Structure formats: C-alpha cells, structure tokens
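Here's the structure we're looking at; comments come further down.
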Amino acid sequence: MQTMEELLKYFPELTAKQVAQFDKSVELYKQWNAKINVISRKDIQEIVVRHLLHALGIVKVQTFLPHTHVMDIGTGGGFPGIPLAIFFPETQFLLVDSIGKKIKVVQEIAASLALKNVRAEHRRAESVTEQFDFVVSRAVTQMPEFVRWVQGKFKPQSLHNRKNGILYLKGGDLTEELSPFASAQLYNLSDYFEQDFFQTKKVVYLPQP
C-alpha cells in the first residue's frame with residue numbers, strides 16, 4: 001500500500017478499512033480507465049494526488065456529521081464523491097452526471113468498494129428534487145451557472161456550525177468569477193498540501209442564499 005503514504009501523511013486518522021478501500025480504488029480506476037476513459041491518461045499515473053487527495057481537500061475545510069446528505073454534481077469518474085464517501089461512511093452521497101458511461105463506472109467502483117452510502121445516477125443536476133446539506137463539485141462550470149443549478153436543493157436547517165451550501169473545488173484566479181458572491185469564502189489547498197499541484201487549487205465555500 002505504498003501509494004497510500006501520501007494520504008496517511010495528511011490524514012493519519014484513516015482506519016485500516018479506509019486505507020484498504022482507497023488502495024483498492026486506485027487499482028479499480030486503473031482497470032476501468034483502460035476500458036472507459038474517465039481520467040486523463042496523464043492523471044491516472046498521479047491519481048492519489050490529483051484525484052484522491054484533491055477530493056479530500058474538502059475534508060480540510062468541512063467535516064460531515066453522521067446523517068449528512070451530500071450531492072456531487074458532474075461527478076465524472078466519481079470525484080470528489082467516492083473519496084468523500086470512503087472518508088465519511090455515515091454520510092449519504094448522491095453522485096450525478098449527465099454522461100451515462102461515467103456513471104456506470106462510478107456504480108461499479110462503489111459496488112466493488114462496498115460503499116453502501118453512495119447512489120450514482122445518470123441525470124442532470126436540475127432534475128434532482130431532493131434537498132441536501134451540502135453540494136460538492138469539481139470545476140464543472142462557472143460559479144454563477146452552478147448556483148442556478150442548485151437553487152432550492154438545500155435543506156433549510158443546518159446540522160453543522162457552518163450553514164448549508166456549496167463546497168467547490170476550483171483552480172486559478174477566481175476574483176472575477178466570484179465577484180457576484182460577497183459571502184464566498186476561499187481556502188487555498190496549498191495551505192494543507194505541499195505538492196506543487198495544489199499551488200493554485202482552492203475550495204470555495206458558498207453558503208446557501
């Protein structure tokens with residue numbers, strides 16, 4: 001489990017079961033990616049840092065209490081949803097994507113990892129009628145459009161000290177994109193992870209309106 005050293009360096013609290021699940025997920029993604037390209041060929045070699053660790057950047061900003069409900073929009077191959085579901089086994093996750101073949105891979109990987117807290121569905125975010133504590137995503141679109149997608153999808157009562165809202169993984173200069181959102185809070189992942197990959201990567205928290 002040499003590939004897990006990076007995860008354990010930043011998340012020493014991981015249980016043996018979680019470490020085994022993360023380790024298995026790396027092999028599963030490599031196997032599935034050979035059949036269906038859900039991760040770029042370049043990134044698959046760096047999956048632990050660029051996908052698992054990147055997804056877990058959200059953990060550095062917000063922990064999810066038991067019985068929290070989270071939706072991952074535009075999950076692609078299952079990021080950030082699958083790593084978060086491993087990390088928070090008592091949190092319920094709905095992973096949605098408009099591309100059916102990617103959701104098929106997510107369903108197979110979740111089943112192989114015995115993740116009982118994951119549902120993966122082939123659908124657009126706008127069609128989801130359930131409500132959630134948090135919505136997560138990784139750079140699927142500009143924030144103004146994303147906010148439109150998630151309108152009405154938050155539970156009115158918050159379980160956590162932080163108000164229900166969006167936790168969004170984004171990179172680069174977000175000044176202009178976030179200018180309409182005075183309540184947005186930015187967290188630099190370079191404050192938590194030392195790899196060069198994270199120099200421009202951020203978690204954006206936007207409380208529900």
Side-chain angles (χ1 to χ4, degrees), residues 3-4 6-7 10-11 13-14 18-19 21-26 28-29 32-33 38-40 43-44 46-65 68-99 102-103 105-107 109-110 113 115 117-121 125 128 132-141 143 146 149-150 153-154 160 162 164-172 174 185-193 195 197-198 200-206:
T3 55
M4 293 301 101
E6 294 284 5
L7 289 187
Y10 297 108
F11 300 98
E13 69 270 32
L14 289 170
Q18 288 170 318
V19 170
Q21 286 175 310
F22 279 121
D23 198 53
K24 186 176 180 180
S25 75
V26 172
L28 289 168
Y29 275 110
W32 275 104
N33 218 54
V38 293
I39 297 173
S40 74
D43 277 7
I44 196 70
E46 301 283 341
I47 185 172
V48 173
V49 170
R50 296 190 175 196
H51 293 277
L52 300 186
L53 203 56
H54 190 203
L56 294 179
I58 288 173
V59 180
K60 295 295 188 182
V61 174
Q62 178 67 50
T63 57
F64 299 137
L65 296 171
T68 301
H69 287 78
V70 177
M71 177 164 62
D72 175 8
I73 292 177
T75 190
F79 299 99
I82 291 284
L84 291 174
I86 294 173
F87 200 95
F88 297 109
E90 294 183 68
T91 292
Q92 299 301 311
F93 289 87
L94 172 63
L95 281 53
V96 298
D97 201 281
S98 60
I99 300 174
K102 290 187 176 181
I103 283 296
V105 172
V106 174
Q107 290 169 337
I109 287 175
L113 295 174
L115 294 175
N117 59 333
V118 170
R119 285 186 295 137
E121 297 180 3
V128 176
F132 302 87
D133 299 286
F134 291 98
V135 174
V136 301
S137 191
R138 184 167 67 164
V140 291
T141 188
M143 186 62 88
F146 192 80
W149 289 356
V150 300
K153 292 180 173 39
F154 294 101
H160 305 77
R162 175 175 272 142
N164 295 346
I166 294 167
L167 292 163
Y168 206 33
L169 291 162
K170 286 279 268 186
L174 304 176
Q185 298 171 25
L186 271 66
Y187 298 86
N188 294 313
L189 289 182
S190 58
D191 291 343
Y192 309 106
F193 306 132
Q195 289 87 348
F197 174 74
F198 295 107
T200 63
K201 300 290 190 290
K202 301 172 180 68
V203 175
V204 181
Y205 165 63
L206 187 63

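None of the values given here were measured: they were computed from a predicted structure.
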Is the side chain of [X] donor-acceptor paired with the backbone N or O of [Y] at a distance under 3.5 Å, no angle test?
{"X": "K202", "Y": "G172", "result": "yes"}
{"X": "Q92", "Y": "H69", "result": "no"}
{"X": "D97", "Y": "I103", "result": "no"}
{"X": "R162", "Y": "V61", "result": "yes"}
{"X": "N33", "Y": "I39", "result": "yes"}
{"X": "Q185", "Y": "Y205", "result": "no"}
{"X": "Y168", "Y": "F146", "result": "no"}

What is the distance from atom [atom1] of [X] to atom [atom2] of [Y], rounded to the nearest 0.5 Å?
{"X": "M4", "Y": "K24", "atom1": "CE", "atom2": "NZ", "result": "13.5 Å"}
{"X": "L56", "Y": "L169", "atom1": "CG", "atom2": "CG", "result": "10.0 Å"}
{"X": "T63", "Y": "H160", "atom1": "OG1", "atom2": "NE2", "result": "6.0 Å"}
{"X": "F93", "Y": "I86", "atom1": "CZ", "atom2": "CD1", "result": "10.0 Å"}
{"X": "L52", "Y": "E6", "atom1": "CG", "atom2": "CD", "result": "11.0 Å"}
{"X": "F64", "Y": "N117", "atom1": "CZ", "atom2": "CG", "result": "11.5 Å"}

Per the side-chain contact (heavy atoms from CB on, under 4.5 Å) rule, which among L53, D191, N188 passes with F198?
-> L53
Of the options L115, L14, L28, which is the one that meets Q21 in a side-chain contact (heavy atoms from CB on, under 4.5 Å)?
-> L115
Ring centroid separation Y10 to F193 under 6.0 Å = yes
Are F22 and F11 an aromatic pair by the rule of ring centers under 6.0 Å?
-> no
Scanning both residues in full, the closest heavy-atom pair of P83 with G78 reads CD-O, 3.5 Å
pair L95-I82: side-chain heavy atoms closer than 4.5 Å = yes
Is it true that atom CD of E90 has more than 12 heavy atoms of other residues, nucleotides or ligands lying nearer than 6.0 Å?
-> no
Parallel, tilted or perpendicular, as decided by the 30° and 60° cut-offs, for the rings of H54 and F197 | perpendicular
